[in-house]
Number of protein chains: 2
Amino acid sequence: MATGRTHRPATRSRGIPEATVARLPLYLRALTALSERSVPTVSSEELATAAGVNSAKLRKDFSYLGSYGTRGVGYDVEYLVYQISRELGLTQDWPVVIVGIGNLGAALANYGGFASRGFRVAALIDADPGMAGKPVAGIPVQHTDELEKIITENGVSIGVIATPAGAAQQVCDRLVAAGITSILNFAPTVLTVPDGVDVRKVDLSIELQILAFHEQRKAGEEVAAPEEAAGAVPPPPVAHRAPSAGPGADSGRQGPDGDVPAVMPA
Amino acid sequence: MATGRTHRPATRSRGIPEATVARLPLYLRALTALSERSVPTVSSEELATAAGVNSAKLRKDFSYLGSYGTRGVGYDVEYLVYQISRELGLTQDWPVVIVGIGNLGAALANYGGFASRGFRVAALIDADPGMAGKPVAGIPVQHTDELEKIITENGVSIGVIATPAGAAQQVCDRLVAAGITSILNFAPTVLTVPDGVDVRKVDLSIELQILAFHEQRKAGEEVAAPEEAAGAVPPPPVAHRAPSAGPGADSGRQGPDGDVPAVMPA
DNA sequence: CCATCTTTGTGCACGCGTTCACAAAGACAT
DNA sequence: ATGTCTTTGTGAACGCGTGCACAAAGATGG
């Protein structure tokens, strides 16, 4: 439902594939490291290894940016750092606000990777009045009431949500209404946003579950897992069996609303 | 170089596509929420909306698990929760160790999403002797020297790395040597691991850079960005110009080793 | 028991992303 | 200047993932 702006493929921006965009930061990091070691040029092979990808993929990725690189030699490190930075929009300043200053929010505020690129933490926002004024990572926390004002006055377009799942959508709505068009969501919830707003999600729980899946598969290869063992909850899909399980039955001792966010904001 | 075990496609496990596996946790969360509201059944349409995906995709995903679901009715919530949990391997206990107890490590230790599924924090490990014994999230931090012992004694197979980038690979090697086969890496580095070990990466900086790219694109649509403005570093790719930039030249004021990790472990 | 209606399960086509493999480009030596 | 050697840039093939569209399955009502 609802594609990007004027019914464009949404993905695929200026011809640069989304998958490529996602790898550019990886190349940039590797290149920055080389730059600091004053390495003048790199071959696609070397750089690919450093970035952990295939050299053919790397060359194709770079081909979308243009023909930088010299055949028989490789790529000029400094030049490439500049080109990728420009393509990613890192040559300009990006003020960012972090909403939800709990353990995670504080960790993010202290994150060194912010300032290293063009990102600048413009403000820390929390719903707890008790947090107001208290400095975290050298920046005083401000109350949620100030949210709209902070965003408009600082021209912030990127917001980071590190609140509990329950508050995420509400915060998201306010951010969007205030003018935010890019959101990095750490709360374990599916955010609904209008067209034109980008949302990227980071979910620890999901990552762990994916790992568990593969882990189980590895273990199962030898044991051939007891397919239909004496499971505790193997009720066949008999239709309409309404009062099957009251809350707290065998569905395990799980949190009240799915997951607790990465941290409690209070 | 080097595919999965006995030269298997590595991805594609038991016929369940990797993309599907990545979505199962999403479905599980939505289903858990429904379960807590004692909703007996859901249609693919409803569940898809709750999970933020397409209904056709959801049905196809479930088809890989088997034919649960009743035509004309939908899916039995409890039954599906059980099936997905089992498929993901969440019906068993997964002890996890977190290495690097800085801001981020502490935030992860406090993360409620751990315990809610089958994940249990077996130990917190840090290289700082001063941290030893100090409780974080109710669990005493142990020194890195104990790493191998902790892992083998608790039968831990999943490790979380929240150390600085510089220490990540070293920690990774020790974890793998000790028997860990799944790693969730928060350090901004490319980890090299032997076959059979899964690594998933969470990188805040990369996510922000991707957002910045799209953000810039949105802004550029109206201004038609000054392609070749009076940039500061537009050196054409003249080959071999070795001493182009000494450390700290115009490569910007960036961290010593690319990115600082999400947190300092000391 | 039959008709109708809802919703699943999936065959099929399409598009993106990955990889191979090689021709073109340029550096470098003679 | 010419030949050789290295490395890029890319055309083409392939495979995975997505979404459409519909037949089959089963519930529900008469």
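The chains referred to below are lettered A, B, ... by the order of the sequence lines, with proteins before strands, and numbering in each begins at 1. Side chains are part of it too, since the values below use all heavy atoms of this structure and drop only hydrogens, waters and symmetry mates.
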[X] [atom1] to [N] [atom2]: how many Å, rounded?
X     : N      : atom1 : atom2 : result
A/L47 : D/dT6  : CG    : C1'   : 17 Å
B/Y64 : C/dT8  : OH    : P     : 17 Å
A/E45 : C/dC20 : CD    : P     : 11 Å
B/F62 : C/dG9  : CZ    : P     : 9 Å
A/E18 : C/dG15 : CD    : P     : 19 Å
A/D61 : D/dT10 : CG    : P     : 13 Å
A/K57 : D/dT7  : NZ    : P     : 22 Å
A/L65 : D/dG9  : CG    : P     : 10 Å

For [N] and [X] - does any side-chain N or O of the residue sit under 4.0 Å from the phosphate oxygens OP1/OP2?
X     : N      : value
B/S43 : C/dT7  : no
B/T70 : D/dG26 : no
B/Y75 : C/dG9  : yes

Margin query: Can you confirm whether more than 12 heavy atoms, excluding those of B/Q170, are under 6.0 Å from its CD atom?
Written below: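 Incorrect, the count does not exceed 12.
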Applying side chain to side chain donor-acceptor pair (under 3.5 Å), name anything that partners [X], two or more places apart in sequence or on another chain.
X     : result
B/D61 : B/T20, B/R23, B/Y27
A/E46 : A/S43
A/S55 : A/E45
A/S44 : A/R59

Note to self: Can you tell me which nucleotide in C/dG17, C/dT8, D/dT18 comes closest to the side chain of B/R23?
What the structure shows: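 Closest nucleotide among those given: D/dT18.
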Between protein and nucleic acid, restricted to nucleotides 20-23 of chain D and to nitrogen or oxygen atoms under 3.5 Å apart, what atom pairs and distances do you find?
residue	atom	partner	partner atom	Å
D/dA21	N6	B/R59	NH2	3.4

Note to self: For the backbone of B/E87 and the side chain of A/Q216, can you confirm whether one donor and one acceptor N or O come within less than 3.5 Å of each other?
What the structure shows: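 At least one qualifying donor-acceptor pair exists.
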Next item on the list: Would you mind telling me which residue lines up with the more 5' stretch of DNA chain C, B/G72 or A/T20, judged by nearest nucleotide?
Entry: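 Of the two residues, B/G72 wins.
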Item checked: Pairing residues for B/R71 by the salt bridge (Lys or Arg N to Asp or Glu O under 4.0 Å) criterion, not counting sequence neighbours ->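 Counting only residues at least two positions away or on another chain, B/R71 forms no salt bridge (Lys or Arg N to Asp or Glu O under 4.0 Å).
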